[in-house]
Structures are given as structure tokens and as C-alpha cells.
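Here the structure is a predicted model, which means the values were calculated and not measured. Numbers for residues simply follow the sequence, beginning at 1. Counting starts at 1 for both ligands and their atoms, in listed order.
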Amino acid sequence: MTTQRTPQRLTSPKDLVEAGLAEPERLPELEAVARRYAIGLTPALAALVEPNNHDDPIARQFVPDPRELIRDPAERDDPIGDDAMSPVKGLVHRCPDRVLIKLVAVCAVYCRFCFRREQVGPGSGSLSAAEFAAAVDYVRAHAGIWEVILTGGDPLTLSPRRIAEATQALAAINHVKVLRWHTRLPIAAPERVTKQMARALMAEGKTTVIAVHANHPRELNEGARSACRRLAAEGAMLVSQSVLLKDVNDDPETLIDLMRAFVEAGVKPYYLHHGDLAPGTAHWRVSIARGQELMRLLRARLSGLATPTYMLDIPGGRGKVPIGPQWLHSGDNEQHVVTDPQGIQHVYADRLGADS
Ligand code: SF4
């Protein structure tokens, strides 16, 4: 009788080479990157990689590249300015009605373009029970906080028991109405998104939102779609997050397939992020002009339901804004020029009632 080895999570350059995801001669350069940034790739995602295709858009997101050690002068360890807005360890209060709580600093997979790459990795500090209690105290003391975003790292790497404890502690605060969890787990390890976990995320009288991170349509295979359906079946609202990545999804066909795959999985396309200025990520970034052009093409071919918003996190913690493209330009005398999805311009004038 033959015994089958259970596929393991890949966490080192040697693992990646042995799995056929990188050529053996690349081992020294992979190890140089691994000394600085964590490696992690789950069996579920590794199984999606096309054999012998080292340019595979899924493999590229997780296999280190020596360019990660080249730092552009504009890149920052904390590109979106979390630290400057952190009154309590692990909590970021940038906008009046919501806070982020970074519950854990570990992930099931380590994306090579991660905007928090200087903070995440095995052994990096996750919140202790006392630190989480201090974050909850802060939320309780600020009556304007309507939404709490649980992030990290990937907070769904916690056990259902710990997820339930965090959910219930925050749900007990009357003014908190929405709990939003940012995760890659339904894609990276769909088998871990069990009914028990889905239930742990819910709280009576509160809205649970799961922001699912995926960047290529092949990531949303049947396993991932089932995980999304298990979350929705317990009552979660699902929205998407993707990063615009060079040679992964910076073409209209891939983005259209990705956004349709989200909708087919019951996930509303929400944000397409412009790449942040994280260290060693210049080779991932696409120009804003190209991003806007792609958004124009998406608008022409996708329903509004499947169209995300293209977002830039302004460096230094100044907030997140949509970056176009602009469809309407206003002139004097309530005259506007509006461009239709095919690129043809039209004049539109305000027509207001006499008492407006
Ligand atoms: S899952 Fe999120 S936090 Fe973790 S490495 Fe990827 S982008 Fe970063």
C-alpha cells in the first residue's frame, strides 16, 4: 500500500525549489531575500501554479525576487502611516468613525508586494490578551467609532475560539455596528474557513463584513468559492480587495475575469488598490495613468456591480482616495463635460428648480 504525503505549507527557498516553483540555481538569491522577508505559500495556492511556468501569475506573488532588496528612495517601512495614527498598540485611528485593530502579524501566505511587509512574518508581534483588551477599551471610550476593521497580518489565521472572543468583545460595545475582517484565507486555505469559523465571525445585531483579498481570477477556484459561500451562509457581507500588480493583473482581460469571478463567488468588487510605496516593491507597481486606462476599459465592459473603485492610500497616513479616472469635468455656469464609457464626450448642464 502506498501512503500519500500531505502537502505542506512552503516556508523556505528550499521548499519552493523542491516544489518546482523556482529553479535550483536561484537558491542563493532566494535565500538573500528570505533573510529579510518571510516566505509562505499554502498547498491550496501552490496547487494552482502551472507546472514549469516560473512566470505564473500566482507563483510570482509568493516566490521571492531579488528586486525586493532594491529600495526606491520614496519607499517607506510604514507606507500608509499606521504608526503616526496609533494611540494604542495595534490600533490605528485615522478616520473619525472607524479604527483598525491589527490582531496578528502572521499570514497563511506572504505576498511579495505586501504593504506591511516590514511588520508581518512568523515571530512578529501579535497582540497579547492585555494589548487587545486595551484596544477594546479605546474603542469603548470613543463613542464615534462605528466600524472596527480587524486586520494584521491575517486575522483569520486565529482559531475560531479566538475569533469569537474578539468578535464578542467588540460586539458588546453598543456604538460599534460593523466588524470588518480583512483576509486572504478563503483563497489561501479555504479548508480552514469552516462553518465554525464563519459562526465565530458573527454577532447578534451587528454587521460582519469580510474583505477577501485576491489578485488573479485563478485564485477564485471552487475551493475558494465554497469558502466564500460558507461565510455568506452565516450572514457575512463579502467585498473584495485586490492590488494592481504588474504582470499579474495589469491587463483588462485578467481584471475583467477577476471581478466577474468575485461576483460569481458572491463577493462584491470593492477596491482595486494602487501599489503602496512599500520597500522593494517598485517592480510591482503600474503607473497611475495605466491604472486609470484599465479602469476606463473595465467601466466600458463590466456592469457596475462588478466594477471596483481604484484607490490610492496617500503616503504618510493621509487617507485613502479614489483616483479615477474622472468621467465628468465641470466648467463655468453649471456646464459639465461628461465622457461615456466608449470615450465620447457630451455636454451636460444642471437644470435646477426655481427654488434650488
Ligand atoms: S496576506 Fe495581506 S498582510 Fe499578509 S502578506 Fe499578503 S498582503 Fe500582507
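Looking at Arg36 and Glu68, no side-chain N of the basic residue comes within less than 4.0 Å of a carboxylate O on the acidic one, giving no salt bridge.
Using a cut-off of 2.8 Å, one finds that Cys107 contributes an N/O/S atom close to atom 4 (Fe) of ligand 1. Using a cut-off of 2.8 Å, one finds that Cys111 contributes an N/O/S atom close to atom 6 (Fe) of ligand 1.
Evaluated for a side chain to side chain contact (heavy atoms under 4.5 Å, CB included) with Leu170, the options Val148, Val178, Ile145 yield exactly one hit, Val148.
A distance of 8.5 Å separates CD in Glu31 from CD1 in Ile39, rounded to the nearest 0.5 Å.
Atom 2 (Fe) of ligand 1 has its closest protein heavy atom at His213 ND1, 4.2 Å. Remark: minimum distance from atom 8 (Fe) of ligand 1 to any protein heavy atom is reached at Cys114 SG, 2.3 Å.
Tyr271 and His273 have perpendicular rings, their planes meeting at more than 60° on a 0 to 90° scale where under 30° would count as parallel.
Within the structure, ligand 1 lacks Arg116 among the residues with a heavy atom less than 4.0 angstrom away.
Heavy-atom proximity to Val109, at under 4.0 Å, picks out these atoms of ligand 1: 4 (Fe), 5 (S).
Aromatic pair Phe113/His283: centroids not less than 6.0 angstrom apart.
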